[in-house]
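When a ligand or atom number is given, it counts from 1 through the structure's own listing order.
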Amino acid sequence: MMNDHIRFDADQDALLLLDQRYLPLREEWFACRNTDDVIYALQTMVVRGAPAIGVTAAFGCYLASREVRGKTDWRIALKELLELIRTARPTAVNLRWAVERMEALWRANEVVELDHLASLWLDEAKRMQLEDEAINRAMGRHGAELLSDGDRVMTHCNAGALATAGFGTAVGVIYAAVEQGKRISVVANETRPFLQGARLTAYELHRSGVEVTVACDNATGLLMKKGLVDKVVVGADRIAANGDVANKIGTYSVALLAKAHGVPFYVAAPMSTFDLDCPDGAHIPIEERPAREVTHPTGESQITPLGVQVYNFAFDVTPAELVAGIVTEKGVLRPPYTEAIQRMFGK
Ligand SMILES: CSC[C@H]1O[C@H](OP(=O)(O)O)[C@H](O)[C@@H]1O
């Protein structure tokens with residue numbers, strides 16, 4: 001499975017991103033050479049997926065440190081650039097977590113010169129990238145125990161290798177189950193309007209030899225009623241202290257239908273996706289994205305009459321009571337989640 005879609009190129013001193021806007025039709029690379037490039041890549045979803053945008057933000061902090069070279073007030077300028085990176089997208093907490101991790105390293109080495117700080121940050125970003133794949137593999141092993149041989153597993157959006165530094169979270173659970181010899185087939189919801197499922201999940205599963213069937217988002221109820229879905233595993237962008245889960249728009253509907261049909265609904269997410277400062281899902285900021293993503297799904301022709309309003313909420317919140325278990329690198333959390341999350345963080 002993929003783990004080379006985020007590459008730091010030392011010769012170019014640039015971060016190279018496999019441009020997920022054009023997959024699966026063509027593989028193009030987008031080069032980030034400064035903070036503007038990183039923010040553009042995050043906001044236009046050249047790179048997307050909570051852990052992937054966290055790793056990208058970490059390399060973005062390094063690029064920001066290169067950008068302020070020669071400035072007498074480089075510390076002020078650098079803090080301003082980091083704030084722009086931190087706020088590039090509002091929902092996935094991994095973005096904030098990654099920037100705060102780099103800021104903590106800076107505070108611990110506040111006497112160093114800018115070039116030394118840049119070197120520390122580059123090493124930390126590379127470390128974060130390697131850590132993320134290892135965390136996902138650990139999460140996959142825990143989550144694979146929840147899947148049985150022959151399961152048909154639905155997933156929503158893309159929580160695979162492309163949404164992380166490698167291996168994936170929800171799709172990583174599927175990869176791990178397949179590695180254990182379990183025959184798993186996947187129902188990948190297309191996930192309008194950006195089509196992460198139809199374009200990205202199907203792309204990476206098909207390349208990995210895992211059986212995958214793409215389904216329209218509005219088919220979930222019928223598929224479950226027909227008994228074509230045994231389990232659901234999705235990713236997350238932010239998990240509140242009480243276990244409420246923000247994830248791609250449509251996840252809440254899948255969870256409600258899973259409840260109605262007795263299908264276990266699981267979430268897979270690393271500890272970096274939990275926000276203990278956020279008491280519940282009502283406090284999670286929900287990103288609203290450009291209407292053009294809805295009106296021009298292929299980027300070409302308009303499918304909606306000019307002047308018609310569009311809703312394009314990019315995420316929704318699934319209440320904790322609809323979640324059968326939260327798979328993390330430390331194991332599977334079970335309700336009551338407030339206490340389980342506190343224990344996992346040693347609080
Ligand atoms: C492994 S996190 C993946 C998570 O991120 C996606 O959102 P986006 O594609 O907008 O970055 C989606 O919510 C996935 O579940």
Side-chain angles (χ1 to χ4, degrees), residues 1-3 5-6 17-21 23 41-57 88-98 132-133 135-137 139-140 143 154-175 186 188-201 203-204 217 232-239 244-255 265-275 281 284-290 293-294 312-318 323 326-329:
M1 52 292 304
M2 308 183 69
N3 64 357
H5 51 288
I6 301 173
L17 301 170
L18 180 59
D19 197 328
Q20 298 189 30
R21 296 175 296 179
L23 293 177
L42 291 169
Q43 292 184 334
T44 60
M45 301 214 276
V46 167
V47 61
R48 29 66 46 203
I53 66 179
V55 170
T56 299
R89 289 187 72 189
T91 304
V93 71
N94 304 60
L95 197 50
R96 187 186 84 195
W97 170 82
D132 184 64
E133 180 167 353
I135 284 166
N136 296 335
R137 289 184 178 275
M139 192 176 346
M154 173 177 282
T155 192
H156 193 75
C157 196
N158 172 255
L162 286 167
T164 67
F167 202 71
T169 56
V171 180
V173 168
I174 293 164
Y175 287 138
V186 177
N189 290 342
E190 61 177 359
T191 317
R192 286 265 298 144
F194 199 74
L195 301 173
Q196 289 94 328
R199 296 188 303 109
L200 306 177
T201 301
Y203 167 79
E204 62 171 271
D217 297 330
V232 177
V233 187
V234 298
D237 292 82
R238 189 182 305 219
I239 300 176
D244 289 347
V245 177
N247 197 52
K248 185 51 54 190
I249 189 74
T251 304
Y252 174 41
S253 307
V254 171
F265 177 93
Y266 296 108
V267 174
M271 291 175 74
S272 56
T273 300
F274 288 75
D275 183 356
I284 298 176
I286 299 298
E287 179 183 13
E288 292 191 60
R289 293 189 58 79
E293 281 183 358
V294 176
N312 189 13
F313 294 102
F315 301 95
D316 57 26
V317 174
T318 298
V323 181
I326 303 176
V327 183
T328 75
E329 63 269 39

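- No heavy atom of I53 sits closer than 4.0 Å to any atom of ligand 1.
- D237 OD1, 3.5 Å is the protein heavy atom nearest to atom 4 (C) of ligand 1.
- Nearest protein heavy-atom contact of atom 11 (O) of ligand 1 is G49 N, 2.8 Å.
- When all heavy atoms are compared, the tightest approach of A165 to V55 is CB-CG2, 4.3 Å.
- Nearest protein heavy-atom contact of atom 10 (O) of ligand 1 is K248 NZ, 2.7 Å.
- Every salt bridge (Lys or Arg N to Asp or Glu O under 4.0 Å) that E287 has, sequence neighbours left out, goes to R89, R289.
- For R199 and N158, the side-chain atoms include no donor-acceptor pair closer than 3.5 Å.
- Contacts with ligand 1 closer than 4.0 Å are made by no heavy atom of V234, backbone or side chain.
- With a 4.0 Å heavy-atom cut-off, ligand 1 is reached by the side chain of F315 but not by its N, CA, C or O.
- Within the 4.0 Å heavy-atom criterion, neither part of A314 lies near ligand 1.
- Contact annotation for Q196 and ligand 1: only side-chain heavy atoms (C-beta onward) come within less than 4.0 Å of the ligand.
- Residues V327 and M139 come closest through the heavy atom pair CG1-O, 3.3 Å.
- A donor-acceptor contact closer than 3.5 angstrom is absent between the side chains of Y203 and Q20.
- By the 6.0 Å contact criterion, OH on Y252 is open, its count of non-hydrogen atoms from other residues, nucleotides or ligands being 12 or less.
- Heavy-atom separations between R89 and ligand 1 include at least one value shorter than 4.0 Å.
- With ligand atoms numbered from 1 in the order given, ligand 1 contributes 1 (C), 2 (S) to contacts under 4.0 Å with heavy atoms of P51.
- Near A236, meaning under 4.0 Å from any of its heavy atoms, are these atoms of ligand 1: 2 (S).
- The closest protein non-hydrogen atom to atom 12 (C) of ligand 1 is C157 SG, 3.3 Å.
- Closest heavy-atom contact between S272 and N94: OG-ND2, 3.2 Å.
- Not a single heavy atom of A246 lies less than 4.0 angstrom from ligand 1.
- With ligand atoms numbered from 1 in the order given, ligand 1 contributes 1 (C), 3 (C) to contacts under 4.0 Å with heavy atoms of A163.
- The closest side-chain heavy-atom distance from I6 to L17 is below 4.5 Å.
- Scanning the protein for heavy atoms near atom 3 (C) of ligand 1, the closest one is N158 O, 3.4 Å.
- Heavy-atom proximity to T169, at under 4.0 Å, picks out these atoms of ligand 1: 1 (C).
- Counting only distance, with no hydrogens or angles, the side chain of D237 and the backbone of T91 share no donor-acceptor pair below 3.5 Å.
- Smallest separation of non-hydrogen atoms from R96 and R238: NH1-NH1, 3.9 Å.
- Among all non-hydrogen protein atoms, the one lying nearest atom 15 (O) of ligand 1 is N247 OD1, 2.5 Å.
- Of all atoms in ligand 1, numbered sequentially from 1 with element shown, those under 4.0 Å from a heavy atom of M45 are 10 (O).
- Nearest heavy atoms, N136 versus G168: CB-O, 3.1 Å.
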